[in-house]
Amino acid sequence: MRVTEVEAYAGERDPASHAFRGRTPRNAVMFGPPGHLYVYFTYGMHHCGNVVCGPEGMASGALLRSGEVVDGLEVARRRRGERVRDRDLARGPGRLGQALGLTLADSGADLLGAGPARLVLGAYPVGAVATGPRVGVSRAADVPWRFWIRDDQYVSSYQRSPRAERRSAEK
DNA sequence: AGGATGATGAAG
DNA sequence: TTCATCATCCTA
(Lines give C-alpha, C1' and ligand atoms only; values in the text may rest on other atoms or scores of the structure.)
Protein backbone atom coordinates (compact mmCIF):
# COMPACT_ATOMS: atom_id res chain seq x y z
CA MET A 1 0.00 0.00 0.00
CA ARG A 2 1.34 3.38 -0.96
CA VAL A 3 -0.07 5.94 1.41
CA THR A 4 -1.18 9.11 -0.36
CA GLU A 5 -3.02 11.01 2.33
CA VAL A 6 -2.82 11.33 6.10
CA GLU A 7 -4.33 13.47 8.81
CA ALA A 8 -2.54 14.40 12.02
CA TYR A 9 -4.06 14.22 15.46
CA ALA A 10 -2.39 15.62 18.52
CA GLY A 11 -3.21 14.27 21.92
CA GLU A 12 -4.86 15.85 24.88
CA ARG A 13 -4.64 19.38 23.44
CA ASP A 14 -6.46 18.53 20.23
CA PRO A 15 -10.26 18.62 20.60
CA ALA A 16 -10.63 16.44 17.52
CA SER A 17 -8.38 13.71 18.85
CA HIS A 18 -9.65 10.56 20.47
CA ALA A 19 -7.13 11.24 23.21
CA PHE A 20 -8.57 14.67 23.99
CA ARG A 21 -10.15 13.57 27.24
CA GLY A 22 -7.20 11.62 28.45
CA ARG A 23 -6.25 8.00 28.36
CA THR A 24 -9.01 5.40 27.99
CA PRO A 25 -8.97 1.70 27.11
CA ARG A 26 -9.73 2.51 23.50
CA ASN A 27 -7.06 5.12 22.84
CA ALA A 28 -4.36 3.62 25.05
CA VAL A 29 -2.05 2.77 22.15
CA MET A 30 -1.97 6.44 21.15
CA PHE A 31 -0.09 7.02 24.37
CA GLY A 32 2.31 4.20 23.65
CA PRO A 33 5.57 4.15 21.72
CA PRO A 34 5.68 5.47 18.12
CA GLY A 35 5.53 3.23 15.10
CA HIS A 36 2.59 1.29 16.42
CA LEU A 37 -0.81 0.89 14.80
CA TYR A 38 -3.92 2.38 16.38
CA VAL A 39 -7.16 1.00 14.95
CA TYR A 40 -10.58 2.35 15.85
CA PHE A 41 -14.05 1.27 14.78
CA THR A 42 -16.60 3.90 13.83
CA TYR A 43 -20.02 4.47 12.31
CA GLY A 44 -20.82 0.88 13.11
CA MET A 45 -18.92 -0.42 10.11
CA HIS A 46 -15.50 1.06 9.47
CA HIS A 47 -12.09 0.24 10.80
CA CYS A 48 -9.58 3.05 10.43
CA GLY A 49 -5.84 2.88 10.95
CA ASN A 50 -3.44 5.36 12.47
CA VAL A 51 0.28 5.43 13.02
CA VAL A 52 1.41 6.59 16.44
CA CYS A 53 4.06 9.26 15.91
CA GLY A 54 4.97 10.96 19.16
CA PRO A 55 7.12 9.75 22.01
CA GLU A 56 5.71 7.34 24.54
CA GLY A 57 3.44 9.05 27.03
CA MET A 58 2.46 11.79 24.57
CA ALA A 59 -0.65 10.84 22.61
CA SER A 60 -0.57 11.31 18.85
CA GLY A 61 -1.64 9.69 15.66
CA ALA A 62 -1.62 10.02 11.89
CA LEU A 63 -4.83 8.75 10.33
CA LEU A 64 -4.20 6.84 7.11
CA ARG A 65 -6.77 8.52 4.89
CA SER A 66 -5.99 7.16 1.46
CA GLY A 67 -3.64 4.97 -0.45
CA GLU A 68 -2.92 3.06 -3.62
CA VAL A 69 -2.88 -0.70 -3.46
CA VAL A 70 0.38 -1.66 -5.13
CA ASP A 71 0.71 -5.12 -3.68
CA GLY A 72 -1.78 -7.88 -2.94
CA LEU A 73 -4.26 -6.52 -5.44
CA GLU A 74 -6.24 -9.73 -5.51
CA VAL A 75 -6.69 -9.82 -1.75
CA ALA A 76 -7.73 -6.19 -1.66
CA ARG A 77 -10.28 -6.70 -4.43
CA ARG A 78 -11.75 -9.63 -2.61
CA ARG A 79 -12.12 -7.68 0.60
CA ARG A 80 -13.52 -4.55 -1.06
CA GLY A 81 -15.70 -6.21 -3.65
CA GLU A 82 -14.86 -7.34 -7.14
CA ARG A 83 -16.77 -4.55 -8.82
CA VAL A 84 -14.91 -1.75 -7.08
CA ARG A 85 -12.60 0.26 -9.32
CA ASP A 86 -8.91 -0.04 -8.48
CA ARG A 87 -8.79 3.66 -7.77
CA ASP A 88 -11.42 3.25 -5.05
CA LEU A 89 -9.87 0.25 -3.32
CA ALA A 90 -8.27 2.36 -0.60
CA ARG A 91 -9.37 5.92 -1.35
CA GLY A 92 -10.85 7.00 1.98
CA PRO A 93 -10.06 5.95 5.55
CA GLY A 94 -12.78 3.32 5.84
CA ARG A 95 -12.00 1.87 2.45
CA LEU A 96 -8.30 1.77 3.24
CA GLY A 97 -9.02 -0.08 6.45
CA GLN A 98 -11.20 -2.58 4.66
CA ALA A 99 -8.63 -3.09 1.91
CA LEU A 100 -6.02 -3.92 4.53
CA GLY A 101 -8.46 -6.06 6.46
CA LEU A 102 -7.96 -4.09 9.66
CA THR A 103 -9.80 -5.11 12.82
CA LEU A 104 -9.66 -3.99 16.42
CA ALA A 105 -7.41 -6.96 17.07
CA ASP A 106 -4.73 -5.29 14.93
CA SER A 107 -4.58 -2.25 17.17
CA GLY A 108 -1.25 -1.98 18.94
CA ALA A 109 0.73 -3.88 16.31
CA ASP A 110 4.34 -2.80 15.92
CA LEU A 111 4.80 -1.51 12.38
CA LEU A 112 8.56 -1.24 12.70
CA GLY A 113 9.11 -4.79 13.84
CA ALA A 114 9.00 -8.11 12.09
CA GLY A 115 5.21 -8.43 12.07
CA PRO A 116 3.03 -8.94 8.97
CA ALA A 117 2.28 -5.23 8.76
CA ARG A 118 5.23 -2.94 8.28
CA LEU A 119 5.75 0.74 7.63
CA VAL A 120 8.48 1.76 5.20
CA LEU A 121 9.57 5.26 4.32
CA GLY A 122 9.09 6.74 0.89
CA ALA A 123 10.30 9.98 -0.66
CA TYR A 124 8.61 12.67 -2.73
CA PRO A 125 9.99 15.77 -4.45
CA VAL A 126 9.91 19.03 -2.54
CA GLY A 127 6.51 20.66 -2.94
CA ALA A 128 4.70 17.43 -3.75
CA VAL A 129 2.89 17.41 -0.45
CA ALA A 130 -0.15 19.66 -0.07
CA THR A 131 -1.76 20.76 3.19
CA GLY A 132 -5.27 21.69 4.20
CA PRO A 133 -8.05 21.49 6.78
CA ARG A 134 -8.98 18.15 8.24
CA VAL A 135 -11.97 16.31 6.88
CA GLY A 136 -14.91 14.75 8.66
CA VAL A 137 -13.97 16.08 12.05
CA SER A 138 -16.47 18.18 13.97
CA ARG A 139 -14.09 20.15 16.15
CA ALA A 140 -10.93 22.07 15.33
CA ALA A 141 -11.22 21.14 11.67
CA ASP A 142 -9.63 24.39 10.56
CA VAL A 143 -6.22 23.25 11.71
CA PRO A 144 -4.40 22.44 8.43
CA TRP A 145 -3.28 19.01 9.45
CA ARG A 146 -4.35 17.05 6.44
CA PHE A 147 -1.48 16.16 4.14
CA TRP A 148 -1.74 14.62 0.71
CA ILE A 149 0.25 14.07 -2.46
CA ARG A 150 -0.58 16.89 -4.84
CA ASP A 151 -2.35 15.89 -8.04
CA ASP A 152 -2.46 12.25 -7.02
CA GLN A 153 -5.57 10.42 -8.13
CA TYR A 154 -5.39 8.13 -5.13
CA VAL A 155 -6.47 10.85 -2.72
CA SER A 156 -9.89 11.02 -1.11
CA SER A 157 -12.16 13.83 -2.20
CA TYR A 158 -14.79 13.75 0.46
CA GLN A 159 -16.19 17.01 1.66
CA ARG A 160 -16.00 18.35 5.14
CA SER A 161 -18.97 17.28 7.20
CA PRO A 162 -21.79 19.83 7.71
CA ARG A 163 -20.87 19.69 11.37
CA ALA A 164 -17.35 20.81 10.63
CA GLU A 165 -18.65 23.68 8.55
CA ARG A 166 -20.86 24.87 11.36
CA ARG A 167 -18.15 24.58 13.93
CA SER A 168 -15.67 26.55 11.91
CA ALA A 169 -18.31 29.14 10.95
CA GLU A 170 -19.30 29.98 14.50
CA LYS A 171 -16.16 31.92 15.37
C1' DA B 1 -30.34 13.46 1.41
C1' DG B 2 -30.41 9.72 4.46
C1' DG B 3 -29.57 5.18 6.32
C1' DA B 4 -26.69 1.59 8.17
C1' DT B 5 -24.71 -0.12 12.57
C1' DG B 6 -21.94 -0.79 16.96
C1' DA B 7 -18.15 0.56 20.06
C1' DT B 8 -17.25 4.14 23.24
C1' DG B 9 -17.55 7.25 27.04
C1' DA B 10 -20.25 10.37 29.82
C1' DA B 11 -24.03 10.83 32.49
C1' DG B 12 -27.39 9.10 35.69
C1' DT C 1 -28.27 1.40 32.38
C1' DT C 2 -29.29 4.48 28.92
C1' DC C 3 -27.93 8.02 25.51
C1' DA C 4 -25.62 10.87 22.09
C1' DT C 5 -21.81 10.85 19.34
C1' DC C 6 -18.97 9.34 15.74
C1' DA C 7 -11.35 10.82 12.40
C1' DT C 8 -17.41 7.01 7.11
C1' DC C 9 -19.32 5.00 3.01
C1' DC C 10 -23.06 3.57 0.06
C1' DT C 11 -27.47 3.94 -2.40
C1' DA C 12 -30.82 6.92 -4.00
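We name chains A, B, ... by the order of the sequence lines, and we start the count at 1 in each one. Please read all numbers here as calculations on a predicted model, not as lab measurements.
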Touch check for [X], heavy atoms < 4.0 angstrom, all strands: base, sugar-phosphate only, or nothing?
X	value
A:Arg134	nothing
A:Gly94	sugar-phosphate
A:Thr42	base

Please report, rounded to the nearest Å, how far the [atom2] atom of [N] is from the [atom1] atom of [X].
X	N	atom1	atom2	value
A:Tyr38	C:dA7	OH	C1'	9 Å
A:Arg26	C:dC6	CZ	C1'	8 Å
A:His47	C:dA7	NE2	P	16 Å
A:Leu64	C:dT8	CG	P	13 Å
A:Arg83	C:dT11	CZ	P	8 Å
A:Phe20	C:dT5	CZ	C1'	15 Å
A:Met30	C:dA7	CE	P	11 Å
A:Leu96	C:dA7	CG	P	17 Å

Self-check item: Interface limits on DNA chain B, where chain A has a heavy atom under 4.0 Å of a nucleotide atom
Solution: B:dA4 to B:dA10
Quiz item: So, is the end of the A:Arg134 side chain (NZ or CZ) under 6.0 Å from the ring centre of A:Tyr9 and within 45° of the ring's axis?
Solution: yes
Quiz item: Can a cation-pi geometry be assigned to A:Arg146 and A:Trp148, taking NZ or CZ under 6.0 Å from the six-membered ring centre and within 45° of the ring axis?
Solution: yes
Quiz item: So, A:Gln98 and A:Arg80: side-chain donor and acceptor under 3.5 Å apart, yes or no?
Solution: yes
Quiz item: So, A:Ser156 and A:Glu5: side-chain donor and acceptor under 3.5 Å apart, yes or no?
Solution: yes
Minimum-distance pair of heavy atoms, taken over all atoms of [X] and [Y]:
X	Y	answer
A:Val129	A:Arg150	O-NH2, 4.0 Å
A:Gly92	A:Ser66	N-OG, 3.0 Å
A:Cys53	A:Ala62	SG-CB, 3.9 Å

Self-check item: A:His46 side chain, from C-beta outward: closest of C:dC6, C:dA7, C:dC9
Solution: C:dC9
Phosphate-side-chain proximity, [X] and [N], N/O vs OP1/OP2 below 4.0 Å:
X	N	result
A:Arg146	C:dA7	no
A:Arg95	C:dC10	yes
A:Arg80	C:dC9	no

Quiz item: Same hydrophobic cluster for A:Leu96 and A:Phe147, using side-chain heavy-atom links shorter than 4.5 Å among ILVMFWY?
Solution: yes
Self-check item: Aromatic stack A:Tyr9/C:dA7: centroid gap under 5.5 Å, interplanar angle under 30°
Solution: yes
Exercise. Between C:dC3 and B:dT5, how far apart are the C1' atoms? Round to whole Å, please.
Key: 16 Å
Quiz prompt | DNA chain B: 5'-proximal contact among A:Tyr43 and A:Leu104 (nearest heavy atom) | solution = A:Tyr43
Quiz item: Would A:His47 and A:Tyr40 satisfy ring-ring contact (aromatic ring centres under 6.0 Å, His included), going step by step from the backbone distance to the final call?
Solution: CA-CA 6 Å; A:His47 292 275; A:Tyr40 68 89; 9.0 Å; no
Practice problem: Please assess A:Asp86 against A:Arg77 for the test salt bridge (Lys or Arg N to Asp or Glu O under 4.0 Å), listing each intermediate value before the final yes or no. | Solution: CA-CA 8 Å; A:Asp86 282 2; A:Arg77 284 207 193 98; 3.1 Å; yes
Self-check item: Duplex segments of DNA chain B, taken as runs of at least three Watson-Crick or G-U pairs that stay under 3.5 Å
Solution: B:1-4 with C:8-11, B:6-11 with C:1-6
